[in-house]
There are 2 protein chains.
Amino acid sequence: MKYIEKLRNSGLRPTKQRLQICEVLFNTDKTFHFTINELEQKIKKQANNKISLATLYNTVHAFEKKGYLKQIPINSSETYFDTNVTDHHHFYDLKEEKLIDLENSDVGPINILKKINGKKIKSVEVLVKLED
Amino acid sequence: MKYIEKLRNSGLRPTKQRLQICEVLFNTDKTFHFTINELEQKIKKQANNKISLATLYNTVHAFEKKGYLKQIPINSSETYFDTNVTDHHHFYDLKEEKLIDLENSDVGPINILKKINGKKIKSVEVLVKLED
DNA sequence: ATAGTAGTTTATAATGATTCTAAAAAACTG
DNA sequence: CAGTTTTTTAGAATCATTATAAACTACTAT
């Protein structure tokens, strides 16, 4: 299994549940956005079994901490995650309530001119809201 | 009262509560960020009385819809609002969990090169996360 | 292998922000 | 002022997320 090493290297035991979550999240050509509830559904269908919500929350947060997932900063009732962890941005279609990736090349370079003493920039995220 | 007209023009009856909220939010030199709970506290102190949470939620959302407030897109357990409704961006200090304004002039111009058919850009918001 | 231990999963309860409800109060209209 | 509509309110309901603590699983050293 290709994810066993990845998990071990991160200090996470390669359990059946984590491997299954890896399959659903990472074993695909395209990256995608999801909420915990959507992930639960996807696992029910794709792997035809159930992983408890608690585990999904734990695992997704662990993966986020390790940098395998990114949280998308958007005000919504549910938290959105992204399997695309490269530097990139998002459109948010207000009507459809849907996120669309904006590759880095779709956005001109962003220059942050202001500095805060003793702090360094961890990330720069752009959210472009769309209306009709 | 200077806010009576503003409210009436927005189709909102100028009630005692709404006027009080206007005072706290807008009768100040500096703009600021707040959560509903912080607003509740501020009103308790500043106006020395209590407005129910339901009213605070209703009013803040009404003001947002009218463009007097902006929601700040950030993943936090509470929703943050901003009395600065001009185009601008934010630092988010991950350690202190604090928002800091980035004036438009602090960020170079942002060019969105990708277009989505039939949609137009409503807003472009940049969130810059800071770490130590 | 096996026993011990440290980490993980799980169902369920708890939490907490937000929304809903429906009755009382206030603002408006004629 | 009487009637209508809007607003406020306390408290209940909702719903995503987190905490709990017991059962289970993966690992380690023998």
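Values in this document were obtained by computation on a predicted structure and should not be read as measured data.
- Contact check, B:H61 against C:dT18: no side-chain N or O comes under 4.0 Å of OP1 or OP2.
- For the pair A:F81 CZ and D:dA16 C1', the interatomic distance rounds to 11 Å; values are reported in whole Å.
- A donor atom on one side chain and an acceptor atom on the other are not found under 3.5 Å apart for B:T83 and B:Y68.
- Checking D:dA10, D:dT7, C:dT9 against the side-chain heavy atoms of B:A54 singles out D:dA10 as nearest.
- For the pair A:Q20 CD and C:dT8 P, the interatomic distance rounds to 17 Å; values are reported in whole Å.
- Look at CD on A:E40: it is 12 Å from C1' on D:dA16, rounded to the nearest Å.
- Side-chain atoms of B:Y80 and A:N75, non-hydrogen and from C-beta on, never get closer than 4.5 Å to each other.
- Of the candidates D:dC27, D:dA16, D:dT8, D:dA16 carries the atom nearest the A:E78 side chain, counting heavy atoms from C-beta on.
- A straight line from CG of A:L7 to P of D:dA26 spans 13 Å, rounded to a whole angstrom.
- Atoms CD1 (B:I36) and P (C:dG16) sit 18 Å apart, rounded to a whole Å.
- In this structure, A:K6 is not positioned above the aromatic face of A:F63 in the sense of NZ or CZ being under 6.0 Å from the six-membered ring centre and within 45° of the axis.
- For B:T79, counting side-chain heavy atoms from C-beta on, the closest listed nucleotide (C:dT18, C:dC28, D:dA19) is C:dT18.
- The nearest whole Å value for the distance from the CG atom in B:N75 to the P atom in D:dT17 is 10 Å.
- Not one side-chain nitrogen or oxygen of B:Y57 sits closer than 4.0 Å to the OP1 or OP2 atom of C:dT19.
- Side-chain proximity of A:P14 to C:dA27, D:dA26, D:dA19: nearest is D:dA26.
- Between B:H61 and B:Y57, the ring-plane angle classifies as tilted under the 30° and 60° cut-offs.
- In this structure, B:K42 is positioned above the aromatic face of B:F32, its NZ or CZ under 6.0 Å from the six-membered ring centre and within 45° of the axis.
- Side-chain atoms of B:N37 lie closest to C:dA17 of the nucleotides C:dT10, C:dA17, C:dG7.
- Checking B:N37 against B:T35 by side-chain atom types alone, no donor-acceptor pair falls below 3.5 Å.
- Counting to the nearest Å, the C1' atom of C:dC28 and the CZ atom of B:R8 are 9 Å from each other.
- Each of D:dC27, C:dT9, C:dC28 was ranked by its minimum atom distance to the side chain of A:R18; first place goes to C:dT9.
- At C:dG16, none of the side-chain N or O atoms of B:S77 fall inside 4.0 Å of OP1 or OP2 (strictly under the cut-off).
- Here the nucleotide nearest the side chain of B:N58, chosen from D:dT9, D:dA26, C:dT19, is D:dT9.
- Side-chain atoms of B:S52 lie closest to D:dA10 of the nucleotides C:dT9, D:dA10, C:dC28.
- Relative to the side chain of A:R13, the nucleotides C:dA27, C:dT10, D:dC27 differ in distance, and D:dC27 lies closest.
- Where B:L53 and B:T15 meet DNA chain C, the nucleotide closest to each residue was compared, and B:L53 sits on the side nearer the 5' end.
- Residue A:Q17 places none of its side-chain N or O atoms closer than 4.0 Å to OP1 or OP2 of D:dT25.
- Nearest nucleotide to the B:K50 side chain, out of D:dA10, D:dT17, D:dT8: D:dA10.
- Atom CD of B:E38 and atom P of C:dA17 are 11 Å apart (whole Å).
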